[in-house]
Structure formats: structure tokens, C-alpha cells
Amino acid sequence: MATLLELKGANPFKVRAYQNAARSLMTHDDDLELALEKGQLTKIKGVGPGIAKDIQDFFHTGEMLELKTLRESFPSTLFELLEVPGLGPKKVKKLFDELQIESLGELEYACHENRLVKLDGFGSKTQEKILKGIALLKQRRNTFLYPEAFEQAHVLLQQMSKWKEIKQIEIAGSLRRRKETIHDIDLVCSADQENAEVVMRRFVNLVSPNDVISHGTTKSSISYRGIQVDLRVVKESEYIFALHHFTGSKEHNTLLRGLAKKQGYILNEYGLFKGESLVKCQTEANIYEQLKLDYIPPELREGLSEIEMSKDHQLPNIITLEDIRGIFHVHTNYSDGKNTLEEMVRAASERGYTYIGISDHSQSAFYAHGLKEKDIDAQFIEIDRVQKQFPKIRIFKGIESDILSDGNLDYPKHVLKRFDFVIGSVHSRFKMSQEEMTKRCVRALENPFCTILGHPTGRLLLARDGFQIDVQRILDVAKKEGKIVELNANPHRLDLDWRILYTNRNDCPYISINPDAHDVEGLSHVTMGVSMARKGGLTKDHVFNTKTTKEIETYFARQRA
DNA sequence: GCCGTTTTCGGCCCGACTGTTTTCAGTCG
């Protein structure tokens, strides 16, 4: 509704009202259907009589009259135009009304025909920028996995922190919030006022003029090895406010500024002001404190329900990397891992872990040299040997067993019962219907020998969507069966998605943050997994591998009894 | 369209940059 109304040129506050209501509904934890039946929809923040009526209509008829009318007044392909950088609703509407442009293809053609320059408010620069934007969209090169973006950001940070004009510099934006994928790198720095322009000049000179996206006196953007980097420079006294501002998210900031305003403050990237006077804040925590809020860590600043929770002192005490005591889901060269069992155990021990769960692939995973029964015998003997060598770290014997398409695990009972734990994972037949796939995984969860459900949706970030599966059902069954669900920490997977964890944080089964390491370096995936758990609002108590070795042993023993 | 410890009417987050304009609208974050 909001997008369509915006295109229509409706009252911008009406547009925002719909956006607010949508966000509010997305994070609404209670039963919507119940609220609807009781006629209590308007009790939800942002939902008034108008939108309550919309929701009712939608629930009963599957449609909303105004939405239907609006939708019919625009071709569905029009929305892709909004993806083009520099194009917003006003310009898209103009293109549609005056040039009858309905799709990206038509827009590109019109640019080549030089037809945009004649439009009011457009010019040759706009046309050029749009063409560039379309090319970028086509390449899909504007999204990166966290580690790729992080590495680039660090290279820049190293380099720029040596510039004598810069006093402080930090990574802000989605990188600081630890989003799983990153569109651009945001850097914030402080400098003496007379040096600001020098910093900007040095920054844009890092790349060729062609790769300078914008160049101002305090804010510039460049395209650095294919990724957009924004740099903002402020005075030293403004730095903490700027860092907060550019950490975002946009949604979080919007809500926070609204709250500040209600309390008689103005909040922007330069400070927190009461009238003309600046409120002194040394840290980000001080800013929240002034607004009568508990400190909200960057990972939680997504504009979901964190501000409300913080106001009520209900923020979860989210897990930290130090809470992790051990790790499961580790591969060795018995299947498709690179390092030996001993090397993996040594590395885990050196990282201070007190237990490690080895889980190579099972026999039907021939692509990964899955273990036959005799390989299991051999590995068990070796584990016992290595265990003697490293008495301080407990080695659990496990397996990552394929969940076959009928939901069975791919060893017979007498084999499965030999393991301390079994991770059941789907590695084949991804294209089942949601119903079939859900049934398949439920069956696995109900198998008494299955301990952990591995990478529950099978997604590969930026490469492959997860398979169709009713995640809610899976979580419910896992909880009921006392099973553990994996948060696969491989940066390509990060599966389950943190948003699912966030919505289910008050009622979910144990989550195990598993590196799915295929070599020694892969053990460090845990860091990323913890970041996702933090975004999901999980506490130490939610996470299985924060337990002590003793607790783990007891848990496994009870399961196998 | 929603909301209210300034308000049931009059507001609704804030500022930088760009490109098109001669004073500002649109977009972005």
C-alpha cells in the first residue's frame, strides 16, 4: 500500500502511516487473528480505524479494495524501476505518466534514445546516472557476503587511519550491525574542521574519477573494487553522534529520532540537542541513557522492536563469543575436510574450546566421500587415540547424516546408536513441495537417533534460495522432541536466518551455533554465527554449545536412553 | 492515516548531495 500510494503521489504522511503499521504488524508477537476477532486491532501501535478495516477486509476476502484499485492503475513491472539508484517514486511516476515507461528494459531503451533529458526535473546527468544504475542492477554486483565486505573495509581502514588529518575512524553501517550481506561500506571519521575537505579529497583520490559517485565537503562516496564506500567526516566533538547515526539502521534512527523529539530533544548526526544546547555524551550508551533507554547493541538496531524493549528494560542479554564453550559440526579429511582429525582437535583446543563434535559426511554423500561403516570404525579408533593426546578437550563422536527423501537417516539403527550425536541434514532432492520437505524433516526430527537438525533451509546466500519448508513447524516439532536446531555459521549459509530466530526467540528449541568447518580456518566461522545469534536476540541460555562438557554429556546420554 | 503528559487538530525525523534550477525538489541513508 505504502509503495503504491507513494507512486500515486498521495499524502506522504499517509504513506508513512502504512509503513509504520506494516512494521508494527511484522514485529507483533501476539495472535493477530484473535485480535481481529475481538475487534482489538486498533490497540496495535500504528493501526487505526482505517488500517484495521483494511486488515479485516484482507482477512475475510483476501483483498483490500483500495489496494486492488491502486494495483490495477500501475503495471507490476513498474516497481523494478524503484530499484534503480537515483530513482524514487516521483521520478518513476513522471517516467510512467509522460513517457509510458513501465519496465527496466523500456527505461534503458529510452535512455539510449535520449528521451529523458527533455523531461522536467531530468537532465543529461540523470540519464547517465540511470544507465549506470541499470548496469549495476543487471550485474547484481552490489551485494556482498559479510566477510568480503569486511575485508575490503579493513584494508581501507588500515590505510586511512594512517592519514594525519584523521583523528578517529571506524566502520559503521550494516557492517557494524553485522548484517549477513552488505551493500556498501560506511566509514565515519573525525578531523579538524580545516582538514575535512583534505580528507574528502584524499578519499576520492583513492579511485579514478570515474569511480567517484559523489564528492562533497563532508560526505563522499566512491566505488572501491566494485563496492560502494561512503565516508562521512565530522568534528571530534560530534564523532560519537555521527558514529551512532551512520551505524543505523535507517529504521532504527527514524524511530529513535521520533522518540527523542517526543522528549523535547533533536537528534541528528551532530548531536543530541535540547533547544540550542548540546547534551554531553561520551559514548553511544550515554545517548540512549539520555533518552531513558537501555543501551542497544549495534546488532539489534534494525528498527524491529528493540526500542520498545529497551524502554521497558526488556532487552535480551544477548550472547557473546566468550559464552561459546565448544563446537559441533566439524569435518575432517575422513570425508570432505582439508585437515586431519588431530589438526582440527588441536586447533579447537588452542582456541580454548572444551569440547569438539566431529561430524563427517555419511555414506550416501558419495560426492563428499561419506563414511562407510568400516571408515567409522577407523575414525573411532583414531578419535580415542587423539583424545588421549588432548585430554583437556572432550571429543564427541558424531556424524552428519543425510536425511533421505523419505525422512530416514542413511545408516541403520545399530550404526546410528554408536555415535554420541547425529546431525541430520538435507543434501539432495531440494525441489520437493513445502509439504513434502517439511514432512521429511519432521520425520528426521522424530527419529530418536537424530540430535541436531543441520542447516534447516539449505540456503546459500547470494547463490541459492533455501528449499521450501515450514520453518515454524520445524521449530515447534524440534522443541516438542527436545531436539537441537543448528545455526550454521558458515558465512555462505547463516542458516537459520536471524530474522526467524528473532521472531521465535521467546519460544524456540535449543540452537547450536555450528562452524561447519572444513578446515582449521573454518573454526572461526563461529564468530559470524554468534553475530547472527545476537541479531536474533538470542541469549546464552538459548544456545546449546554454551553448556559445559558435563551438561552436554548428560544431555546426550538422556537422549540415547 | 495515525496519534496525544504541550494537542481530538495539527503535526508527523533529519540533513547532505545532486541536478536542475535561479531558490529548490528529489533522493538517499
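Chain naming here is simple, since letters A, B, ... match the order of the sequence lines and numbering starts at 1 in each.
- In this entry the distance linking NZ of A:Lys132 with P of B:dT18 reads 12 Å, nearest Å.
- Glycosidic conformation of B:dT5 is anti; the angle lies outside 90° of 0.
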Worksheet item: In dot-bracket form, how is DNA chain B paired, counting a Watson-Crick or G-U wobble pair only if both its distances are under 3.5 Å and using | for bases paired to another strand?
Response: ((((....)))).((((((....))))))
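- Rounding to whole angstrom units, CG of residue A:Asp120 and C1' of B:dG26 are separated by 13 Å.
- Checked against B:dG29, B:dT27, B:dC2, the side chain of A:Asp230 finds its nearest nucleotide in B:dG29.
- Within the 3.5 Å criterion, the main-chain N or O of A:Tyr109 finds no donor-acceptor partner in the side chain of A:His112.
- Checking the phosphate oxygens (OP1, OP2) of B:dG11, no side-chain nitrogen or oxygen of A:Lys261 falls inside 4.0 Å.
- When heavy atoms are screened at a 4.0 angstrom cut-off, A:Val234 is found touching no nucleic acid atom at all.
- To the nearest whole angstrom, the two C1' atoms, one in B:dT8 and one in B:dC12, are 15 Å apart.
- Rounded to whole Å, the P atom of B:dT21 lies 13 Å from the corresponding atom of B:dA25.
- Side-chain proximity of A:Lys125 to B:dG1, B:dT20, B:dA16: nearest is B:dT20.
- Separating the P atom of B:dC2 from that of B:dT6 is a span of 23 Å, rounded to the nearest Å.
- In this structure, A:Asn490 contributes its side chain and A:His492 its backbone to a donor-acceptor pair below 3.5 Å.
- As judged by a 4.0 angstrom heavy-atom cut-off over every strand, A:Asn20 is placed among residues making no nucleic acid contact.
- Rounded to an integer number of Å, the gap from CG of A:Asp186 to P of B:dG15 is 19 Å.
- Remark: A:Thr218 is in phosphate contact with B:dC17, judged by side-chain N or O atoms under 4.0 Å from OP1 or OP2.
- You'll find that the side chain of A:Ile266 is closest to B:dC14, out of B:dC14, B:dT27, B:dA16.
- Counting non-hydrogen atoms of neighbouring residues, nucleotides and ligands closer than 6.0 angstrom, the CG atom of A:Asp97 exceeds 12 such neighbours.
- Under the 6.0 Å distance and 45° angle rule, A:Arg499 does not count as a cation-pi partner of A:Tyr502.
- A:Lys91 comes within 4.0 angstrom of sugar-phosphate atoms only, judged by non-hydrogen atoms across all strands, and of no base.
- Residue A:Leu119 contributes atom CG, which lies 11 Å from atom P of B:dT20 at whole-angstrom precision.
- Here the side chain of A:Tyr270 is nearest to one of B:dC17, B:dG29, B:dA16, namely B:dA16.
- Rounded to whole Å, the distance from NZ on A:Lys53 to P on B:dC2 is 12 Å.
- Per the geometry, CD1 belonging to A:Ile55 stands 12 Å off C1' belonging to B:dG1, to the nearest Å.
- Remark: the separation of the P atoms in B:dT20 and B:dG26 is 14 Å, to the nearest Å.
- Here A:Pro49 lies in heavy-atom contact (under 4.0 Å) with sugar-phosphate atoms only.
- The separation of B:dT22 from B:dT18, taken at their C1' atoms, amounts to 16 Å, rounded to a whole angstrom.
- A:Arg177 has no carboxylate O lying under 4.0 Å from a charged side-chain N of A:Glu251, or vice versa, which leaves the two without a salt bridge.
- Heavy atoms of A:Thr217 sit under 4.0 angstrom from primed sugar atoms or phosphate atoms, though from no base atom.
- With A:Thr457 as the fixed residue, the side chain to side chain donor-acceptor pair (under 3.5 Å) test singles out one of A:Asp497, A:Asp465, A:Asp495: A:Asp495.
- Using a 4.0 Å heavy-atom criterion, one finds that A:Lys45 contacts the sugar-phosphate atoms exclusively.
- Looking at heavy-atom distances under 4.0 Å, A:Thr254 makes contact with a base.
- Using a 4.0 Å heavy-atom distance criterion, A:Ser124 is classed as a sugar-phosphate-only contact.
- Residue A:Leu87 is in sugar-phosphate contact alone, with no base atom involved, counting any heavy-atom pair closer than 4.0 Å across all strands shown.
- Toward the 5' end of DNA chain B, the nearer of the two residues A:Gly121 and A:Lys250, judged by each one's closest nucleotide, is A:Gly121.
- Taking atom CG of A:Leu95 as the reference point, atom P of B:dG26 lies 13 Å away to the nearest angstrom.
- A straight line from OH of A:Tyr265 to P of B:dC14 spans 15 Å, rounded to a whole angstrom.
- Heavy atoms of A:Val15 sit nowhere under 4.0 angstrom from any nucleic acid atom.
- Ring-centre distance between A:His245 and A:Phe241: not below the 6.0 Å cut-off.
- Separation of atoms CG (A:Leu494) and CG (A:Leu460) is listed at 10.5 Å; rounding is to 0.5 Å.
- Between the side chains of A:Gln472 and A:Asn504, at least one donor-acceptor pair of N or O atoms lies under 3.5 Å.
- With the nearest nucleotide of DNA chain B identified for both A:Thr126 and A:Tyr18, A:Tyr18 has the one nearer the 5' end.
- Which of B:dC2, B:dA16, B:dT27 sits closest to the side chain of A:Lys219 comes down to B:dA16.
- A donor-acceptor pair under 3.5 Å is formed between the side chain of A:Ser190 and the backbone N or O of A:Gln168.
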